[in-house]
Protein chains: 2
Amino acid sequence: MKPGVSSDTFPPRSHEAKRISVVEAAASVFCREGYAGANIDLIAAEAGVSRQTVYNHHGDKEKLFMAVVRDLTERCNAGIFATIATFPDQPADVESDLVAFAVRMNRNCICNRDGRFLRKLIQAEGERYPELFAEWREQGPGRTWSALAARFARLAYAGHLSIDDPDVAARQFLALVNAELQITFMLGGMPTEEEVLRSATNGVRTFLAAFGRRKAAPARQAALAHA
Amino acid sequence: MKPGVSSDTFPPRSHEAKRISVVEAAASVFCREGYAGANIDLIAAEAGVSRQTVYNHHGDKEKLFMAVVRDLTERCNAGIFATIATFPDQPADVESDLVAFAVRMNRNCICNRDGRFLRKLIQAEGERYPELFAEWREQGPGRTWSALAARFARLAYAGHLSIDDPDVAARQFLALVNAELQITFMLGGMPTEEEVLRSATNGVRTFLAAFGRRKAAPARQAALAHA
DNA sequence: ACAAATTTAGACAGGCTTGTCCAATTCGTC
DNA sequence: GACGAATTGGACAAGCCTGTCTAAATTTGT
C-alpha cells in the first residue's frame, strides 16, 4: 500500500509467497508433532525462511496455528464444493457413476494433503480451540452435508433412488464408501488408489442395495433411459 | 518379592493402586495435551502422587506413554470381545436386536472413556510409534473385525441375512451405525444416549435394507419363527 | 512396636523453546 | 545505480520441562 502502486498488489511479491510457504510448512509440522511439539525453528527451516520472518508474518505460535487451520478449512471446503458440483445428476449408470464420484471425493478432498492435515488437527486440537472448530463445523460438514443431501434428493426425485431422509442417506453414503479406509485414516496414512476404489465399490453396492430402485435388467434400462 | 511372602502379592497394596492411578491420570493428560504437551508434574498431581513416584514406577515419559497405550488397548479389546459375545445369534427380531447390539457396542467400547482415549492417542501419536500401534492394529481391529464377521456369517447361514462377504458386511455395519456420530468423535466429544440410539437405528435400517432377507410380513414371520 | 520399604517435597542441573532485539545483508523498485 | 523495505543470522533473557538426588516422613508387614 505504501511502497508503491505499480505492479500487482501492495506487497512486492515474494512477501506473500513466503507467507504461504510458512503456513504450509507449519501445517506439516503441526500435524507431525502436535501443537505443543511443533518447533518454530523447524517450521522456519522447512519453509526456507528465518525464524524472525515467521514472527514478522504471524505474530506468535497461536496466531500461526489459527492461520493454518483457517487456510486448510478454506481450501478443503472449496475442494469439497467443487467435487460435489460433479455429482452425477443424470447418471448413465448409477453404480459406476456413484463409484466414480466417491473416488473423486476421496482423492480430491479426503485423502489429499489438506484433507488429512485438517482432519488430524481437528482431532488433536479441536477441544483446545472451541470457537475455531465450531466455525469449521458450520462451514464444513454443516454446509457440505446439506449440499450432498440435496443432490441425493434430486437423484431420488428423478427416480434413480428411493430415499426417505436425504440427510441420513448422504451421511451414510460417506460412511459406506469410506468404511474400509477407517484404519488407514486413523493412523494418518494414505490409502492406495486400489484401496480407495475397492472401498468405494463395496460401499456404493451396499448403498444401492439399500436405496436403489429395484430393476429387472439394470444395464438395458439404463441404456434405454439415456440413449 | 523380597519383603514378605504372606498376604496376597509381593508389592504391599497401594503400590499397585498408585501404579494404576498414575496410568489413568497419564491417559487423561496425554489425551488432553498430546504427548509433547503432557506434563509429568500435572500427571502426578492428577494421580495424587508425587512426581518421584511416577518416575519410580514407570522410568520415563516414553515408557509411561507405552504403558498407557498397552493398558488402554488391553481393556478396550476385552470390552469389545465381551460385547461381541452378546451378538444376537438367534434374533427374535433382527432389527431391534441389531440396534440393541450396536448401542451396546457404542456405549461399552467406542464412546466410553477408554475407547475415546485410545482412539485419540492412536490418531495423534500413531505415526510416532509404529511397532506399538501395529501391535494394536493386529490385536484390535484385526481380531475384532474377524470375530464380528463370523457372527454375521452365522446369521446369514441361519437365513436371517443375505451376505456375500461377511468381512465387508461387518465393516459396513460398524460404519453405518456410527455414521451420524463422526463429527462428535472427531472433536473428542461424547454423544448423548439419544444420538447413539438414532444413529444405530438409522444405520441398522439401511444395513437391513441392503442385507436383510426380503419378508412379506416381517413381524408375523419373526413371531412364528421363534414362538 | 519395630524394621524395611515406599513415598514425599524440594532443590537442582541441563536442555530446549519462545519471543525479542539488532546489525548486516539481500531484494525489489524506481 | 540508489533507495527503502524486507530478510537474515545470531545473540539473548526468561520460562518451562525432564530426570536425578537427598533427607525426612509415612506406610507396611511381622
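Below, chain A is the first sequence line, B the second, and so on; all start at residue 1.
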statement: In short, A:Val29 meets A:Asn39 closest at the heavy-atom pair CG1-N, 4.2 Å
- request: Take the angle between the ring planes of B:Phe65 and B:Phe133 and call it parallel below 30°, perpendicular above 60°, tilted in between.
  value: tilted
message: Within residues 49-60 of chain B, which residues have any heavy atom lying less than 4.0 Å from an atom of DNA chain C?
response: B:Val49, B:Ser50, B:Arg51, B:Gln52, B:Thr53, B:His57
task: Figure out the OH/P separation between B:Tyr35 and C:dC16, and round it to whole Å.
output: 15 Å
- prompt: Is B:Lys61 reaching over with its side chain to a backbone N or O of B:Tyr35, donor-acceptor style, under 3.5 angstrom?
  reply: yes
message: Output the rounded distance in Å from CD1 (A:Ile43) to P (C:dG19).
response: 11 Å
message: Below 30° counts as parallel, above 60° as perpendicular, anything between as tilted: where do the rings of A:Phe207 and A:Phe152 land?
response: tilted
Side-chain ion pair, A:Glu127 and B:Lys120, N-O less than 4.0 Å: yes
- request: Would you mind reading off the distance between A:Phe30 atom CZ and C:dT17 atom P, rounded to a whole angstrom?
  value: 14 Å
Separation of atom NZ in A:Lys61 from atom P in C:dG19, rounded to whole Å: 8 Å
task: Please report, rounded to the nearest Å, how far the P atom of C:dT18 is from the CD atom of A:Glu33.
output: 11 Å
message: Does A:Ala36 reach a base, just sugar-phosphate, or nothing at all? Heavy atoms under 4.0 Å.
response: nothing
query: Starting at CG of B:Asn39 and ending at P of C:dC16, how long is that distance when rounded to a whole Å?
result: 18 Å
task: To the nearest Å, give me how far apart NZ (B:Lys63) and P (D:dT18) are.
output: 15 Å
- request: Please report, rounded to the nearest Å, how far the C1' atom of D:dG19 is from the CD atom of B:Glu62.
  value: 14 Å
Short side-chain N/O contact from A:Lys18 to OP1 or OP2 of D:dT8, under 4.0 Å: yes
message: Whether the side chain of B:Arg116 engages the backbone of B:Phe185 through a donor-acceptor N/O pair (distance < 3.5 Å, no angle test) should be reported.
response: no
- prompt: Is A:Ala38 touching bases, backbone alone, or none of the nucleic acid, heavy atoms closer than 4.0 Å?
  reply: sugar-phosphate
message: Check this for me: A:Arg154, atom CZ, are more than 12 non-hydrogen atoms of other residues, nucleotides or ligands nearer than 6.0 Å?
response: no
